[in-house]
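Have a look at this one.
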Amino acid sequence: MEIIEQIPINFFTKLHSCYKLLFMDETNQLPSRYESSEHEQKIYKLWEEAKAFAPKPKQEGEKTFSVLMPPPNANGSLHVGHAVFVTLEDLMTRYHRMKGEAAVWFPGFDHAGFETQVVFEKVLQKQGKSRFEMERDEFYDATLAYTKDNSEFMLNQLKRLGASADWENLKFTLDEDVVDLVYQTFVQLYEDGLAYRAKRPVHWCVKHQTTLSDLEVKDHEQTDSLYYLKYGPMIVATTRPETIFADVAVAVHPEDERFQQYIGQEIEVDFGINKRMIKVVADEMVDREFGTGAVKITPNHDAADFEVAQRHNLPTDLIAINQYGKLTDLAGPLAGLKVDEARQKTIELLEEKGLVEKIDTNYHHSVKTCYKCDRVIEPRMLTQWFIAVNQDGKKTGKNWARDAIQAVADNKTQFVTPRFRKVFDHWMSIIRDWSISRQIVWGIRIPAWYCQCGGTTVKLPSKTKLTFLRHGQAEHNVKQIGNGDPTQSYPLTDQGKEEIKKALTEFKSDNRHFDLIIASEMERTQQSAQIIADGTEIKIDARLNDVKLGGLEGASIAEIHEATSYHEQSAQGSETFTEVTRRVEDLLRDLEANYQNKKEVLIVTSEIIFWALRQVLHPELEPHEMKHHIKNGESYTFSLGDITPCAKCGQMNVERDLDVFDTWFSSGQWPHIVPKTTNRADDFERFYPTSVMETGWDILFFWVARMMMMNIYLTDDVPFKHIYLHGMVRDKDRQKMSKSKGNVMDPLAVIDQYGTDALRLALVFNTSTGNDMSMSEEKVKGMRNFANKLWNVARFTLMNLEGNSFEAIGDSSSLSSLSRMKSDIEDPDKSSSSGRDSSTPLPAGESAQNENKNEHTERSFDSAQDESLKTPQPLNQADKVILDKLNHTIKETTRHFDEFRFHEAAQGLYQFLWSDLADTYLEAAKEPLNGTDDDAKVNTQQILLYVLTKTIKLLHPIMPFVTELIWQSLPSAAKDNKLLINASWPVND
RNA sequence: GCGCGUGUAGCUCAGUGGUUAGAGCACUACAUUGACAUUGUAGGGGUCCCUGGUUCGAUUCCAGGUACGCGCACCA
């Protein structure tokens with residue numbers, strides 16, 4: 001090792017002020033315990049104030065590191081699963097930040113559509129309310145408020161976990177810019193033929209009144225009865241006799257000799273309540289061995305039957321069970337019964353008629369259940385939106401599943417745990433089209449409109465808000481005469497001006513500003529517009545003019561009413577109401593096409609235009625219902641997005657789909673959306689693809705696979721280079737944590753008691769990638785002890801620096817008693833044998849590379865100090881061993897972090913700190929520290945400080961708080977940055 | 001039915017083709033204000049699931065079996 005300079009003697013005099021602030025207690029002593037709760041939030045604030053969580057500015061040839069936070073569902077509080085991902089993602093981010101890379105961790109929250117709605121409905125239930133009794137908007141707003149409250153609460157909890165995420169760019173899946181991109185994707189998929197609407201078998205939850213995707217249903221093994229029913233001349237076996245009322249056929253295997261005589265025939269079947277002719281079809285799908293080899297076909301209540309029905313052109317319109325899981329009128333006397341009850345009654349009914357051959361009461365099978373409420377899923381045929389995942393886009397030629405499988409095959413995305421790659425590949429190879437419509441309120445409403453003409457319109461909804469304002473009172477109003485001719489002058493009265501000023505005041509008090517004002521050619525609307533304008537552009541549009549009165553111009557209102565109803569009747573060349581409606585419709589269509597992003601448009605016009613508008617928006621209303629009196633200065637606001645014209649026929653009276661997207665449709669796009677919507681313009685270019693996707697294996701299909709497919713489709717690049725899937729946290733007896741078992745661990749309570757660092761270390765210590773981990777208070781306690789050990793190593797080091805020759809601090813009696821300590825520093829074998837890595841010591845005398853060089857080139861951007869400690873020279877065997885072991889630990893820790901083996905990094909550091917440094921070196925150091933050889937003493941101090949400095953750097957990613965606190969107490973000469981979070985990662989010699 | 005994983009100390013789990021297989025917790029004995037009792041020293045505790053194979057050598061790699069867990073499919 002190179003000869004290094006001795007630390008100058010005045011170095012130590014700087015010490016006192018450094019650590020006095022944070023490290024010492026009120027009595028001017030070093031507290032002997034690390035009290036996490038006293039420091040953590042202050043430390044966190046230190047980082048926040050230094051804006052340490054933002055990535056450093058772009059540099060040429062920079063290395064970047066980015067991770068996307070799996071956006072927590074904003075509907076509850078933090079559980080231990082959140083603590084796992086925070087720990088893993090934060091330690092990766094901190095590690096790469098210290099390595100000098102531009103590191104960013106993108107945070108967000110998920111509205112979590114169905115999940116949140118289920119949670120919130122329970123909240124409502126406690127208040128005695130139900131969503132089915134609430135208006136859509138009312139329910140949406142209430143859920144939004146609930147979600148906002150929760151995310152604010154959870155944000156603080158995430159911070160308590162030490163998360164160094166880029167909070168300035170905290171995204172929410174319902175943010176306007178996010179929703180815009182989600183809409184855009186859907187439109188693109190629709191135009192590419194990959195988003196389609198079709199009647200298909202879907203999973204229907206009777207309780208939640210919505211469809212669910214294949215992933216949202218669980219298989220539940222159970223024992224039921226298999227009923228053998230007489231079916232004309234045949235016998236069929238079924239578990240669902242209550243569906244017979246919607247039977248359309250009976251299917252047999254084409255080669256089944258028993259039934260050859262019936263194939264293609266119609267047989268008469270007695271259903272107990274009536275008799276119907278039923279067709280016998282031959283289909284390969286039938287298993288000759290099962291039951292009787294004959295299957296009743298009920299297309300509306302079984303997915304497989306639906307397919308048979310399609311193959312044989314059988315009717316698919318018979319519905320025996322409605323959306324509430326009750327029998328329909330098809331069931332005659334059984335109508336209205338719920339499925340379970342209906343099954344019993346059906347069998348009773350059939351038995352009475354002697355139609356039940358036998359009942360096998362011990363039939364094992366599995367049924368699909370709702371993953372939220374465990375109720376049996378009712379298969380239904382519904383018209384829904386689907387994403388074709390195995391089809392080539394007709395424009396792009398891209399194929400979701402194929403492209404994702406290929407990307408993994410090409411190693412563009414690698415699984416950190418290879419076994420999950422097999423699971424992924426298998427799932428991708430059998431994936432079916434994705435049902436994305438949900439019949440719930442909470443979520444992003446599908447931007448699709450349906451017209452009576454049969455046309456479907458899919459487009460980005462206009463974001464423009466339209467406000468119609470009736471002009472103020474004009475002179476013709478006072479005279480009670482009609483004026484539809486814009487060349488006539490009937491200016492506003494003083495009262496009319498006041499009415500508009502009043503409207504303006506109201507607009508202002510609602511904080512509303514108009515980007516554009518459109519008035520008619522009528523003098524009164526232009527005058528009104530002027531009063532509102534205040535510099536805003538005013539356009540004139542004749543389509544907003546009052547009704548043309550022809551020969552009735554200037555006649556009294558009464559006269560005009562007598563002569564025309566404004567509708568189809570025209571008197572003396574006047575315009576009909578239908579004609580007025582047409583020009584209003586024409587104007588709206590024009591606005592919709594050309595003013596997508598004018599946020600607020602004010603339209604100043606006449607009363608009849610309001611009526612026409614009402615007709616356009618509510619075509620179902622009768623003509624006489626149009627004439628609501630609109631006062632002068634009265635206004636009405638609505639969203640232009642609500643009146644998208646039909647893409648096929650141009651009609652305005654299209655209806656928007658009530659359904660919302662499956663929440664994973666939006667969160668699946670997170671990787672490209674988030675970097676595109678931060679407050680930095682080049683984030684997408686710099687940070688996409690992200691470096692690692694870290695999340696639980698339980699959402700591999702829900703989220704990770706969908707992200708792969710969607711983002712490859714949208715960006716032509718994979719969303720992440722590595723996939724790191726962590727296991728589930730179980731309790732100390734390996735049981736799953738659940739509220740009902742009462743074995744859940746509240747991470748915040750654990751933090752309060754033992755500290756965040758202890759919790760974080762416990763979550764990586766003695767675990768392995770991808771496997772479930774068990775957690776217990778005892779484990780956290782042990783890790784808390786480790787934090788305390790680290791604290792005391794630092795305390796020992798600092799007290800000994802100070803105690804040497806300078807201002808005495810702390811408990812001097814305890815310092816002097818150090819000399820009484822017995823130690824076995826003379827026994828080198830002992831010290832080397834205690835290390836787990838002692839079998840592979842680094843070659844002695846290997847030339848030391850000054851790590852400062854490296855730290856210079858990869859320094860964090862706001863680094864404060866230039867002079868960090870140089871590698872000290874070992875004077876004795878203990879010195880040499882600890883420096884070797886440190887070097888080895890640096891090397892191993894770095895390797896483990898690079899290879900995503902955080903548990904090994906943690907274990908190595910634990911061993912090094914506790915056994916090698918505390919138990920061995922510190923004991924050995926006591927002799928020179930208390931001896932009379934000043935050179936040996938100073939050298940030992942130097943080594944202690946050096947090793948401590950490097951060690952807390954190595955531990956920082958896992959245990960950010962206690963390490964930062966110690967760092968703040970170190971002499972500034974030992975540091976290369978004011979904050980450890982921005983300090984450089986150690987490099988081994 | 002297909003696939004995946006796990007099986008290592010009393011418990012929860014790391015780890016490894018090569019000395020005596022480790023950690024945390026628990027346990028035993030001793031130590032005692034020493035940086036730390038949130039401690040130290042010493043110690044007990046193992047058929048690394050079973051069988052076979054490859055190998056100089058297998059807890060590790062391979063095959064089969066077994067137990068447990070999970071995923072997917074079937075599910076009339």
Side-chain angles (χ1 to χ4, degrees), chain A residues 30-35 214 219 221-222 224 226-229 236-240 243 250-251 285-287 290-298 302 304-305 308 363-368 417 419-423 425-427 429-431 697-698 700-701 727-728 730-734 736 754 758 761-762 765-768 770-800 810-811 813-824 836 839 901 903-904 906-907 910-911 914-915 918-919 922-923 925-926 944:
Chain A
L30 302 176
S32 63
R33 292 177 183 181
Y34 169 58
E35 297 292 350
D214 291 347
D219 289 325
E221 298 264 344
Q222 60 185 46
D224 281 319
L226 183 62
Y227 303 93
Y228 289 76
L229 307 180
V236 296
T238 180
T239 54
R240 301 204 61 187
T243 64
V250 57
M285 149 270 208
V286 179
D287 175 0
F290 188 92
T292 59
V295 189
K296 70 185 202 64
I297 299 300
T298 324
D302 186 283
D305 289 7
V308 173
Y363 174 62
H364 302 285
H365 68 151
S366 58
V367 293
K368 291 196 185 301
T417 313
R419 70 179 155 101
F420 287 118
R421 183 187 160 169
K422 293 182 197 168
V423 180
D425 280 344
H426 177 245
W427 188 75
S429 68
I430 57 164
I431 186 174
W697 55 252
D698 55 327
L700 173 60
F701 304 145
M728 304 296 109
R730 293 165 178 273
D731 73 4
K732 61 177 170 17
D733 303 316
R734 253 190 97 69
K736 268 186 186 164
Y754 299 105
L761 181 56
F765 196 83
N766 218 17
T767 64
S768 58
N771 287 339
D772 289 357
M773 57 199 97
S774 67
M775 182 51 55
S776 61
E777 189 171 338
E778 291 76 33
K779 187 171 183 185
V780 180
K781 203 170 165 183
M783 300 302 130
R784 186 273 317 263
N785 294 352
F786 177 75
N788 193 57
K789 179 60 80 172
L790 174 60
W791 168 268
N792 273 291
V793 168
R795 179 170 176 247
F796 175 86
T797 303
L798 294 173
M799 281 167 63
N800 275 294
D811 184 355
S813 65
S814 72
L815 284 173
S816 62
S817 58
L818 277 172
S819 56
R820 297 202 306 271
M821 182 81 175
K822 275 194 250 168
S823 66
D824 43 23
R836 64 195 284 275
S839 59
R901 302 202 311 214
H903 57 292
E904 294 220 59
Q907 184 136 345
Y910 187 101
Q911 177 79 20
W914 202 307
S915 306
D919 289 350
L922 250 57
E923 294 305 319
K926 284 171 185 173
L944 273 174

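Here is how names work: the chains are called A, B, and so on, in the same order as the sequence lines, proteins then strands, and each is numbered from 1. Below, all heavy atoms of this structure are taken into account, side chains as well, without hydrogens, waters or symmetry copies.
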Inset, instruction - Counting Watson-Crick and G-U wobble pairs only, both distances under 3.5 Å, name the nucleotide matched with B:U6, or none. - result: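 Pairing partner, where one exists within any strand: B:A67.
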
Inset, instruction - Answer with base, sugar-phosphate or nothing: what part of the nucleic acid does A:R419 contact at a heavy-atom distance below 4.0 Å? - result: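 Result for A:R419 = sugar-phosphate.
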
Legend entry - Separation of atom CD in A:E923 from atom C1' in B:U39, rounded to whole Å: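 Taking CD of A:E923 and C1' of B:U39, I get 10 Å after rounding.
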
Inset, instruction - Using both distances under 3.5 Å as the test, list the Watson-Crick or G-U wobble partner of B:U47, or none. - result: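 Paired with B:U47, as far as the under-3.5 Å criterion goes, is no nucleotide at all.
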
Inset, instruction - With heavy atoms under 4.0 Å as the rule, sort A:Y363 into base, sugar-phosphate or nothing. - result: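 Sugar-phosphate, backbone atoms only, no base.
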
Inset, instruction - From the options A:T238, A:V308, A:D305, select the one residue that forms a side-chain contact (heavy atoms from CB on, under 4.5 Å) with A:T298. - result: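 The passing option is A:D305.
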
Legend entry - Any-strand Watson-Crick or G-U partner of B:U54, both distances under 3.5 Å: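 By the stated definition (distances under 3.5 Å), nothing pairs with B:U54.
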
Inset, instruction - Quote, to the nearest angstrom, the C1' distance that separates B:U33 from B:U39. - result: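 Nearest-Å result for B:U33 against B:U39 at atom C1': 10 Å.
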
Legend entry - Value in whole Å for how far the P atom of B:C4 lies from CG of A:N771: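 Interatomic distance, CG of A:N771 to P of B:C4: 16 Å.
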
Legend entry - A:T417 (side chain) donor-acceptor with A:F420 (main chain) under 3.5 angstrom: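 Such a contact is absent between A:T417 side chain and A:F420 backbone.
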
Legend entry - C1' gap between B:U54 and B:A63, integer Å: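 These two C1' atoms come out 11 Å apart once rounded.
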
Inset, instruction - Describe the nucleic acid contact of A:K732 in one word from base, sugar-phosphate, nothing, applying a heavy-atom distance below 4.0 Å. - result: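 Here A:K732 touches the backbone only, sparing every base.
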
Legend entry - C1' atoms of B:C61 and B:C48, separation to the nearest Å: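 These two C1' atoms come out 15 Å apart once rounded.
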
Legend entry - Distance between P atoms of B:G40 and B:U16 (Å, rounded):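 Approximately 28 Å lies between the P atom of B:G40 and that of B:U16.
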
Legend entry - N/O donor-acceptor pair under 3.5 Å between A:D772 side chain and A:M728 backbone: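 Yes, because the side chain of A:D772 sits within donor-acceptor range (under 3.5 Å) of the backbone of A:M728.
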
Legend entry - Watson-Crick or G-U wobble partner of B:G24, both distances under 3.5 Å: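 B:C11 - that is the nucleotide pairing with B:G24, both distances being under 3.5 Å.
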
Legend entry - Heavy-atom side-chain proximity of A:R419 to A:R421 below 4.5 angstrom: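 Counting from C-beta outward, A:R419 and A:R421 never come under 4.5 Å.
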
Legend entry - Position toward the 5' end of RNA chain B (nearest nucleotide), A:Y34 or A:V367: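 Upstream on the strand: A:Y34.
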
Inset, instruction - Could you work out the separation of B:A29 and B:G44 based on their P atoms and round it to a whole Å? - result: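 B:A29 and B:G44 have their P atoms separated by 15 Å.
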
Legend entry - Toward the 5' end of RNA chain B, by each residue's nearest nucleotide, A:R901 or A:L226: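 By nearest-heavy-atom nucleotide position, the 5'-most residue is A:R901.
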
Inset, instruction - Remember a base hit wins even if backbone is also touched, and classify A:D302 as base, sugar-phosphate or nothing at under 4.0 Å, heavy atoms. - result: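 Here A:D302 touches the backbone only, sparing every base.
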
Inset, instruction - Classify the nucleic acid contact of A:A918 as base, sugar-phosphate or nothing, counting any heavy atom under 4.0 Å across all strands shown. - result: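 Base contact - A:A918 has a heavy atom under 4.0 Å of at least one base atom.
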
Inset, instruction - Could you tell me the separation between the CG atom of A:L922 and the C1' atom of B:U39, rounded to a whole number of Å? - result: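 Atom CG in A:L922 sits about 13 Å away from atom C1' in B:U39.
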
Inset, instruction - Take atom CH2 of A:W791 and atom P of B:U39, then tell me their distance rounded to the nearest Å. - result: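 Going from A:W791 (CH2) to B:U39 (P), I get 16 Å.
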
Legend entry - Validation row: A:Y910, A:K789 side chains within 4.5 angstrom (heavy atoms):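 Counting from C-beta outward, A:Y910 and A:K789 never come under 4.5 Å.
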
Inset, instruction - Pick the P atom in B:G64 and in B:G1, then give their distance to the nearest Å. - result: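 Looking at atom P only, B:G64 and B:G1 are 16 Å apart.
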
Inset, instruction - Spell out, as yes or no, whether a donor-acceptor pair under 3.5 Å connects the side chain of A:K779 to the backbone of A:F765. - result: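 Present.
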
Inset, instruction - Answer whether the closest heavy-atom distance between the side chains of A:D214 and A:F701 falls below 4.5 Å. - result: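 No, their side chains stay 4.5 Å or more apart.
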
Inset, instruction - Using Watson-Crick or G-U wobble geometry with both distances below 3.5 Å, tell me the partner of B:G1, or none. - result: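 Here B:G1 is engaged in a pair, and the nucleotide opposite it is B:C72.
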
Legend entry - Atom pair distance, as rounded to whole Å: CZ in A:R795 and P in B:U39: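 After rounding, the gap between these two atoms is 14 Å.
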
Legend entry - Atom-pair distance (CG on A:L790; P on B:U39), nearest Å: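 Checked: the CG to P distance equals 14 Å.
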
Inset, instruction - Evaluate the side-chain proximity of A:V793 to A:W914: yes if any heavy-atom separation is below 4.5 Å, no if none is. - result: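 Heavy-atom side-chain distance check fails, nothing below 4.5 Å.
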
Legend entry - N/O (side chain, A:S768) to phosphate O (OP1/OP2, B:A14) under 4.0 Å: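 Yes, because at least one side-chain N or O of A:S768 sits under 4.0 Å from OP1 or OP2 of B:A14.
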
Inset, instruction - Assign A:L700 to base, sugar-phosphate, or nothing according to its heavy-atom contacts below 4.0 angstrom with the strands shown. - result: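 Nothing: the residue A:L700, judged by heavy atoms under 4.0 Å, touches no strand.
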
N/O contacts under 3.5 Å, protein versus nucleotides 23-25 of chain B?
unit_1, atom_1, unit_2, atom_2, d
B:A23, N3, A:N766, ND2, 2.7

Legend entry - A:T797 OG1 to A:N792 CG distance, which is reported to the nearest 0.5 Å: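 So the gap between those two atoms works out to 10.0 Å.
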
Inset, instruction - Considering only atom P, compute the distance from B:G52 to B:G71 and round it to an integer number of Å. - result: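 Each nucleotide's P atom is 35 Å from the other's.
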
Legend entry - A:W791 and A:Y34 aromatic ring geometry - parallel, tilted or perpendicular at 30°/60° bounds: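 A:Y34 and A:W791: tilted rings.
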
Show the distances under 3.5 angstrom between N or O atoms of the protein and N or O atoms of nucleotides 66-74 of chain B.
unit_1, atom_1, unit_2, atom_2, d
B:C74, N4, A:S366, OG, 2.7

Inset, instruction - Using whole Å, report how far CE of A:M728 lies from C1' of B:C13. - result: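 Taking CE of A:M728 and C1' of B:C13, I get 17 Å after rounding.
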
Legend entry - A:D731 side chain near A:M775 side chain, heavy-atom distance below 4.5 Å: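 A:D731 vs A:M775: side chains apart.
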
Inset, instruction - Counting heavy atoms from C-beta on, name the nucleotide in B:G5, B:G15, B:C75 closest to the side chain of A:K422. - result: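 Nearest to the side chain of A:K422 among the choices is B:G5.
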
Inset, instruction - Could you tell me which residues satisfy side chain to side chain contact (heavy atoms under 4.5 Å, CB included) with A:K736, sequence neighbours excluded, listed by chain and number? - result: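 A:R730, A:K741.
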
Legend entry - Gap between atoms CG and P, on A:N792 and B:G34 respectively (whole Å):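 Atom CG in A:N792 sits about 13 Å away from atom P in B:G34.
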
Inset, instruction - Scan every strand shown for a Watson-Crick or G-U wobble partner of B:U16, both distances under 3.5 Å, and answer none if you come up empty. - result: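 Checking every strand shown, B:U16 finds no partner, since no pair has both distances under 3.5 Å.
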
Inset, instruction - Give none if B:U41 has no partner; otherwise give the nucleotide forming a Watson-Crick or G-U wobble pair with it, both distances under 3.5 Å. - result: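 Paired with B:U41, as far as the under-3.5 Å criterion goes, is B:A29.
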
Legend entry - C1' spacing across the pair B:G18 / B:A58, given as an integer number of angstrom: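 Their C1' atoms lie roughly 10 Å apart.
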
